[in-house]
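Note sheet for the following structure.
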Amino acid sequence: MVEIQNVTKKYGKLVANESISMTVKDGEMAVLLGPNGAGKSTLIKSVCGLLRFDGSIMIDGHENHTVRAKRMLGYVPEIPAMFGMLTVYEHLEFIAKAYKLENWKNLADELLARLELEDKAKKLGKELSKGMQQKVSICCALLHKPKAVIFDEPLVGLDPHAIRELKSLIAELKSSGASLIVSTHMIETMEDNWDTTYIMQHGKVRASADRASLDSTSLESLYFSITEGGEK
């Protein structure tokens with residue numbers, strides 16, 4: 001479970017997030033929607049412990065900056081951050097050593113196969129395209145079998161096969177009981193798996209809804225009714 005309570009993040013006088021609260025239960029997927037500059041990435045970085053903030057963020061009952069919380073968290077950033085002189089497989093070895101994983105190689109091979117990276121295992125990070133780097137980020141985020149996974153625009157740069165596989169992985173993570181937060185502009189790609197949506201604008205959550213409450217209303221329709229409804 002991911003619990004966010006009254007989180008505020010300021011950059012000087014700029015309020016990037018203002019008193020944001022949300023809870024993502026085990027086996028749930030929350031989708032963050034909003035225009036550029038709405039504060040989605042700032043919130044995600046706060047959840048992942050990359051920014052200081054006011055408020056409280058708990059990962060499965062542990063404060064998000066603690067080692068126990070970080071061991072339970074997987075993070076796929078919007079912009080992949082790879083070591084240029086490490087191979088694809090060495091990135092997975094690095095994760096395995098950092099988390100002190102045992103018997104991880106079968107899962108590593110499975111993830112590489114599903115994202116069509118087997119033939120890139122010996123390629124250096126600096127030799128990969130943006131899409132390939134994104135695939136490696138996904139593999140690294142899932143290798144330690146996290147209980148909560150945060151995706152920041154995970155589909156950008158992916159080919160159709162990788163998009164299909166990632167959507168399957170997300171469904172499998174939900175079924176296993178993981179808590180998922182996905183920030184995306186590709187609204188239609190999340191229609192199958194989402195449970196709750198939070199629509200952000202100007203650093204605030206402007207609206208939230210669960211799937212049942214929308215009846216026949218699509219996620220896309222709700223998004224545009226809020227962000228283009230004229231309210232400031």
Discussion item. Are the side chains of E28 and D210 in contact, using a 4.5 Å heavy-atom criterion?
Written reply: no

Worksheet item: Out of curiosity, Y11 OH to T42 OG1, how far, rounded to the nearest 0.5 Å?
Response: 4.0 Å

Worksheet item: When you measure from the side chain of D195 to the backbone N and O of A30, does any donor-acceptor pair fall under 3.5 Å?
Response: no

Worksheet entry | Gap between atom CG of L14 and atom NZ of K10 - 0.5 Å precision | 10.5 Å

Fill in: Residues K147 and D60 bridged, charged N to O under 4.0 Å
yes

Item to complete: Look at atom NZ of K70 and say whether more than 12 heavy atoms of other residues, nucleotides or ligands are closer to it than 6.0 Å.
Response: yes

Worksheet, complete the sentence: Interatomic distance, CZ@F151 vs CE@M29, rounded to 0.5 Å, equals 9.0 Å

Practice prompt. Count the heavy atoms of every other residue, nucleotide or ligand shown that sit under 6.0 Å from CG of L50, and state whether that count exceeds 12.
Written response: yes

Discussion item. For the CG atom of N64 and the SG atom of C48, what is their distance to the nearest 0.5 Å?
Written reply: 8.5 Å

Worksheet entry | Sub-4.5 Å side-chain heavy-atom contact between V2 and T23 | no

Worksheet item: Is the side chain of N17 donor-acceptor paired with the backbone N or O of G39 at a distance under 3.5 Å, no angle test?
Response: yes

Worksheet item: In the single-linkage hydrophobic clustering (I, L, V, M, F, W, Y; side-chain heavy atoms under 4.5 Å), do M22 and I199 co-cluster?
Response: no

Worksheet entry | S179 side chain vs K25 backbone, donor-acceptor pair below 3.5 Å | yes

Discussion item. What's the separation between atom CG in L117 and atom CG in D119, rounded to the nearest 0.5 Å?
Written reply: 7.5 Å

Discussion item. With a 3.5 Å distance limit and no angle check, can you tell me whether Q201 reaches the backbone of R206 through a side-chain donor-acceptor pair?
Written reply: no

Discussion item. Looking at R114, is its backbone amide N or carbonyl O close enough to the side chain of H161 to form a donor-acceptor pair, meaning the two atoms are under 3.5 Å apart?
Written reply: yes

Worksheet item: Checking T196 side chain against A209 main chain: does a donor-acceptor pair fall under 3.5 Å?
Response: no

Discussion item. Please check if the number of heavy atoms outside K45 that lie under 6.0 Å from its NZ is greater than 12.
Written reply: no

Worksheet item: So, the side chain of H91 versus the backbone of T87: is there a donor-acceptor pair under 3.5 Å, distance only?
Response: yes

Worksheet item: Between the main-chain N or O of Y99 and the side-chain N or O of R71, is there a donor-acceptor pair closer than 3.5 Å?
Response: yes

Worksheet item: Are the side chain of T66 and the backbone N or O of H62 linked by a donor-acceptor pair below 3.5 Å?
Response: no

Discussion item. Let me confirm one number: the CG-CD distance from D54 to E18, rounded to the nearest 0.5 Å.
Written reply: 12.0 Å

